[in-house]
Number of protein chains: 2
Amino acid sequence: MAASRHADALRAAQMYYLQDLTMDAIARELRTSRSTVSRLLSAARDSGLVQVQIRNPLDTGPELEGMIRRRFNVDVHVVPVLETLNEAETLDRVAMQAARTIGPLVDSNAIIGVAWGSTLSAVSRHLTRKITHDSVIVQLNGAGNMHTTGITYASDIMRRFGSAYGARVEQFPVPAFFDHAATKTAMWNERSVQRILELQAKMSIAIFGVGSVNADYPSHVYAGGYLDETDLNILATSDVVGDVATVFFRSDGSSDGIILNERSTGPALAELRQVRRRICVVSGVSKINGLRGALAANLATDLILDEATARRLVDFESLAPRNG
Amino acid sequence: MAASRHADALRAAQMYYLQDLTMDAIARELRTSRSTVSRLLSAARDSGLVQVQIRNPLDTGPELEGMIRRRFNVDVHVVPVLETLNEAETLDRVAMQAARTIGPLVDSNAIIGVAWGSTLSAVSRHLTRKITHDSVIVQLNGAGNMHTTGITYASDIMRRFGSAYGARVEQFPVPAFFDHAATKTAMWNERSVQRILELQAKMSIAIFGVGSVNADYPSHVYAGGYLDETDLNILATSDVVGDVATVFFRSDGSSDGIILNERSTGPALAELRQVRRRICVVSGVSKINGLRGALAANLATDLILDEATARRLVDFESLAPRNG
DNA sequence: AAGCACTATGCACAAATGTGCAGATCGGAC
DNA sequence: GTCCGATCTGCACATTTGTGCATAGTGCTT
């Protein structure tokens, strides 16, 4: 019976994690084999029954975290990763740790805004299950592009979030950028779009990566056929350093007068800043410029990033300090 | 260097619990041996760096918990324990699980009231460390008795709580019962005593067991020389079923007119009910009557008890149901 | 600088845990 | 009933983790 299996998993988890019994002892109490207990415990972990949290006492925490926390006023989680690992491995590990860090923040009745991109895709693959009620996952920005090729990214990401948290998924079926600002204005008056925008306005959590224009391995936005040459030229000549959910900004965090944003479908930065919990996940030093701009714009309340990038962020700061 | 060890423990914990690396892999990244990593992880667990929580979805939870939760309106944690285990083993396992369940509830700036007795003693032995700031452990009731023998219980219990949470400990240096109510009145006007009473009034958490008069293996209060024969006779003839922190009550939860309470040093039930979080730990079916009274008196917001007792509590209820 | 007490380290082994596989069990479909 | 597919189970083995012990630091005292 499936129900009894769940109950057994709960009992086993309690005995294993809270009473320090060995699986062998648990097997005897549950009148089953040790291997079954091992599997019950796996199931308990996978299904989010067991939550492991690492709480590092803020004051005794590593130098690096303290500096970033103080300088940028964000709750920071530096993911320990050897600097010698390649980008893909680093991303994977940052993503896994991000997924597990996000878990405890998600609660029932949450409205969770999710962006898309390689970072979020990786995160979505490592989410741990957690059953919530009446939660909603809402897509932050459109994902269509002019080639319409392959990238089912966005919907896959959303789906994974939805099933991890047992939440309803609200896709945002518009292109990432409109060709004409006027189309956006028109669409924004459509009831179907307004429903999404209203959900976004009520978000309690937003989760996003950052794009960085000069990344060695550029974000999808800059390489994926979302923008044409003219657009890319505009970006290059307007001091843009990066984007969050396809909304661009400069290194000082400003975004006024960036004409492309009028055609972008992501939430305006001011709007994003209204969200109580804004979780930014960054992997790879090449994103440093974008990250710096995002922090300057105060887009994140929580920052999860790899150690190398964290170190670079701090070095950068100490070379070009800032008063205030 | 001790600081680097702590930092290593944190890194190791993150890599092990959040990135699913094996200890072997972590050892290589940390340039140390696998056994050291194993020990670092133990240290991380012991020091409260790693918190494991079991969250059982309330609605899918076992029948038993649901019934108790609904009937008594408490947040209940049933500890799975074989009914064949003896009292001591059961107590040990309930205590361990209680300790770990309490952990996450303790926070900085908390004022934690702690009773004493065999249950609390066992719990105190299993507390997991958690660093908090400006927390205080305050003793709920005096522990002195007329034989003054051996029982350093109370102070040991308090000390363990204090060191687990890095909290200041405030003992209550009075006997459990005064011989004369007038002495209590006098003492209660002393500034040194008032300081404790004021702390108690500001408690955010209270942790206690229950005493049960007819327990096969009676609580210390009833056997430990705290009361003389006259007192015990009074108890026997006044329908008292148990006590919390040496304050007695009847099976319906009432305590008015129980003369012994006027000489007791524990907080009046009405006072205890003011505390936001009141955690009651119970192990052993022989405490069922006391427990029942405590629940009727609405003394607990959180109840941690062994499975056999939980089952008995529910059976008892279904035999003698109650409306409302 | 030497001596001492204490702690941390790595090794080698012991114990505990994870998993591929073959057989058992279960729940429909016919 | 029985056949089939899917799932669950326990075994045997592989992997991972824990720990006693001898050794190597480490800091403090004299």
Side-chain angles (χ1 to χ4, degrees), chain A residues 1-54 60 62 80 82 89 92-93 96-97 100 125-126 128-129 163, chain B residues 1-54 60 62 80-82 89 92-93 96-97 100 125-126 128-129 131 163:
Chain A
M1 192 202 302
S4 116
R5 194 177 160 78
H6 187 272
D8 278 355
L10 179 62
R11 284 175 71 96
Q14 292 183 98
M15 295 195 265
Y16 190 77
Y17 290 104
L18 302 182
Q19 295 178 23
D20 281 351
L21 301 188
T22 69
M23 295 189 183
D24 213 28
I26 297 170
R28 281 194 298 275
E29 296 213 1
L30 256 45
R31 298 172 191 291
T32 181
S33 74
R34 199 186 46 69
S35 13
T36 296
V37 174
S38 170
R39 283 185 267 250
L40 282 175
L41 290 172
S42 294
R45 283 188 299 266
D46 292 347
S47 67
L49 217 64
V50 177
Q51 300 264 99
V52 178
Q53 268 186 73
I54 311 273
T60 69
L82 276 190
E89 287 175 302
D92 203 57
R93 288 173 54 172
M96 188 178 303
Q97 189 159 335
R100 303 202 179 175
R125 250 177 269 275
H126 290 294
T128 50
R129 293 179 75 75
S163 74
Chain B
M1 191 201 299
S4 118
R5 194 177 160 78
H6 188 271
D8 277 355
L10 179 60
R11 284 175 73 97
Q14 292 183 99
M15 295 195 265
Y16 190 78
Y17 290 104
L18 303 182
Q19 295 178 22
D20 281 350
L21 302 187
T22 69
M23 295 188 182
D24 213 29
I26 297 170
R28 282 195 298 275
E29 297 212 1
L30 258 44
R31 297 171 191 291
T32 181
S33 74
R34 198 189 44 71
S35 13
T36 296
V37 174
S38 169
R39 283 185 267 250
L40 282 175
L41 290 172
S42 299
R45 283 187 298 265
D46 293 347
S47 67
L49 217 64
V50 177
Q51 300 262 100
V52 177
Q53 268 185 76
I54 311 272
T60 70
V81 173
L82 275 189
E89 287 174 302
D92 203 57
R93 287 173 56 173
M96 188 178 305
Q97 189 160 334
R100 302 201 180 177
R125 251 177 268 274
H126 291 294
T128 51
R129 295 179 72 76
I131 294 115
S163 75

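- The shortest non-hydrogen separation linking B:Ala13 to B:Ala44 is CB-CB, 4.2 Å.
- Salt-bridge formation is detected for the pair A:Arg100/B:Asp20: a Lys NZ or Arg NE/NH1/NH2 atom is positioned less than 4.0 Å from an Asp or Glu carboxylate oxygen.
- Rounded to whole Å, the distance from CZ on A:Arg31 to P on D:dG10 is 13 Å.
- Between the C1' atom of D:dG10 and the CZ atom of A:Arg28 lies a distance of 16 Å, rounded to the nearest Å.
- The shortest non-hydrogen separation linking B:Ile54 to A:Leu10 is CG2-CD1, 3.7 Å.
- Panel note: side chain B:Ser38, backbone B:Arg34; no donor-acceptor pair is recorded below 3.5 Å.
- Each end of the helix from C:dA1-D:dT30 to C:dC30-D:dG1 gets its own axis, taken as the rotation carrying the C1' atoms of four end pairs onto the next four within a five-pair window, and the two axes meet at 30° to the nearest 10 degrees.
- Atom C1' of nucleotide C:dG18 and atom CG of B:Asp20 are separated by 13 Å, given to the nearest angstrom.
- With hydrogens and angles left out, the side-chain atoms of B:Tyr16 and B:Arg11 include no donor and acceptor closer than 3.5 Å.
- In terms of heavy atoms, B:Ile26 sits closest to B:Ala12 at CD1-O, 3.8 Å.
- Legend: residues meeting side chain to side chain donor-acceptor pair (under 3.5 Å) with A:Gln97, ordered by chain and number and at least two apart, are B:Gln14, B:Gln19.
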Show the distances under 3.5 angstrom between N or O atoms of the protein and N or O atoms of nucleotides 11-18 of chain D.
from   : atom 1 : to      : atom 2 : distance (Å)
D:dC11 : N4     : A:Ser35 : OG     : 3.4
D:dT17 : OP1    : B:Tyr16 : OH     : 2.8
D:dT17 : OP2    : B:Met23 : N      : 2.9
D:dG18 : OP2    : B:Ser38 : OG     : 3.0
D:dG18 : O6     : B:Arg34 : NH2    : 2.7

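- For the pair B:Pro80 and B:Arg93, the tightest heavy-atom approach, listed with the atom from each and the gap, is O-NH2, 3.3 Å.
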